[in-house]
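Notes follow the structure.
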Amino acid sequence: GAVVSQHPSWVICKSGTSVKIECRSLDFQATTMFWYRQFPKQSLMLMATSNEGSKATYEQGVEKDKFLINHASLTLSTLTVTSAHPEDSSFYICSCGDRGYNEQFFGPGTRLTVL
Amino acid sequence: DQQVKQNSPSLSVQEGRISILNCDYTNSMFDYFLWYKKYPAEGPTFLISISSIKDKNEDGRFTVFLNKSAKHLSLHIVPSQPGDSAVYFCAAPNYGGSQGNLIFGKGTKLSVKP
């Protein structure tokens, strides 16, 4: 399967700051990337879908102005958590897929802790 | 409303025995299912999948069974090994939503004891 990396793997920040998480597809041209988050003992929940060169589609309940997603190339998507608050502390995971395929390839995740 | 349900949060099995992880779904439009394995602080890795045109798919020690009439699928691992200890997620693509979006169950934590 495709190799997907995320950076950073973990980040601790103060409340009110912004944090950028990168998701890279190393050997796969990802026309579609997905951003998930997982709270403790909960399922992976889709936050948004981004298609290369177009605006992201956000799931209900996810604030698009707070979670900024950019998918400017076929190998890179970024998620910026703006004005982070402690309740944003979670495990953020990206995945890459391609149109017509059901399988997704996941990154290793980023653990965000907001103090 | 959870469209993909894994009702057992945990399962403990002895090494060498069979592990059976269950998953139920409510949306009859789902036509493809995937199982992912996840270790702590890592992203999920794809394990095995099954299309709704089949009722069984086997890959080595892993077999997935699909019962469409019952809207139920299960993952069998035999023989179970300590390295299989992880959280297993059942997922289905939601074509009605974002294309390719996967809807995940809450996961079942499998512990295989030596």
Side-chain angles (χ1 to χ4, degrees), chain A residues 1-10 21 23-25 30-51 54-60 62 69 71 90-113, chain B residues 1-10 21 23-26 29-54 57 59 64 66 73 86-109:
Chain A
V3 178
V4 179
S5 69
Q6 276 184 244
H7 178 80
S9 56
W10 59 269
I21 303 170
C23 175
R24 291 184 186 274
S25 171
T31 54
T32 304
M33 288 186 170
F34 302 92
W35 285 95
Y36 294 84
R37 64 181 167 185
Q38 183 186 24
F39 293 107
K41 298 184 180 180
Q42 295 294 317
S43 178
L44 289 154
M45 296 297 293
L46 180 70
M47 297 176 66
T49 302
S50 70
N51 296 301
S54 63
K55 289 184 179 180
T57 303
Y58 290 82
E59 296 300 302
Q60 195 172 14
V62 178
I69 291 172
H71 188 168
S90 185
F91 193 56
Y92 291 85
I93 306 174
C94 71
S95 71
C96 302
D98 198 4
R99 293 190 183 93
Y101 286 88
N102 293 316
E103 188 177 334
Q104 294 178 24
F105 305 103
F106 287 84
T110 298
R111 170 72 61 192
L112 171 64
T113 301
Chain B
D1 177 35
Q2 273 233 291
Q3 297 188 67
V4 178
K5 301 177 184 179
Q6 291 176 261
N7 293 318
S8 298
S10 63
L21 300 122
C23 178
D24 297 293
Y25 61 97
T26 58
M29 298 298 290
F30 289 159
D31 62 1
Y32 193 82
F33 302 90
L34 308 92
W35 284 93
Y36 282 85
K37 178 180 179 179
K38 184 180 181 300
Y39 293 112
E42 290 185 13
T45 53
F46 172 74
L47 198 56
I48 193 169
S49 63
I50 189 166
S51 165
S52 62
I53 62 173
K54 295 184 175 181
N57 188 26
D59 183 3
V64 56
L66 175 62
L73 61 155
V87 177
Y88 290 79
F89 290 95
C90 169
N94 178 23
Y95 301 113
S98 307
Q99 184 178 6
N101 167 27
L102 290 177
I103 298 178
F104 286 86
K106 287 191 174 183
T108 297
K109 184 177 181 180

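What you see is a predicted model, and the numbers here were worked out from it, not measured in a lab. So that the names make sense, note that chain A is the first sequence line, chain B the second, and so on, each numbered from 1. Because only heavy atoms are used, hydrogens play no part in the values below, and waters and symmetry mates are left out as well, while side chains stay in.
- Taking the salt bridge (charged side-chain N to carboxylate O under 4.0 Å, His left out) definition, one finds that Arg37(A) meets it with nothing, sequence neighbours left out.
- With a 4.5 Å cut-off on non-hydrogen atoms, Ile93(A) touches chain B through its side chain but not through its backbone.
- Atoms CG and OH, on Leu102(B) and Tyr36(A) in that order, are 4.0 Å from each other to the nearest 0.5 Å.
- Residue contact with chain A, scored on non-hydrogen atoms closer than 4.5 Å, involves the side chain of Lys38(B) exclusively.
- Heavy atoms closer than 4.5 Å to chain B are found in the side chain of Gln38(A), but not in its backbone.
- Here the shortest heavy-atom pairing between Phe89(B) and Leu44(A) reads CE2-N, 4.4 Å.
- Interface remark: of the candidates Ser43(A), Ser9(A), Ser95(A), Gly109(A), Ser43(A) forms the most heavy-atom pairs closer than 4.5 Å to chain B.
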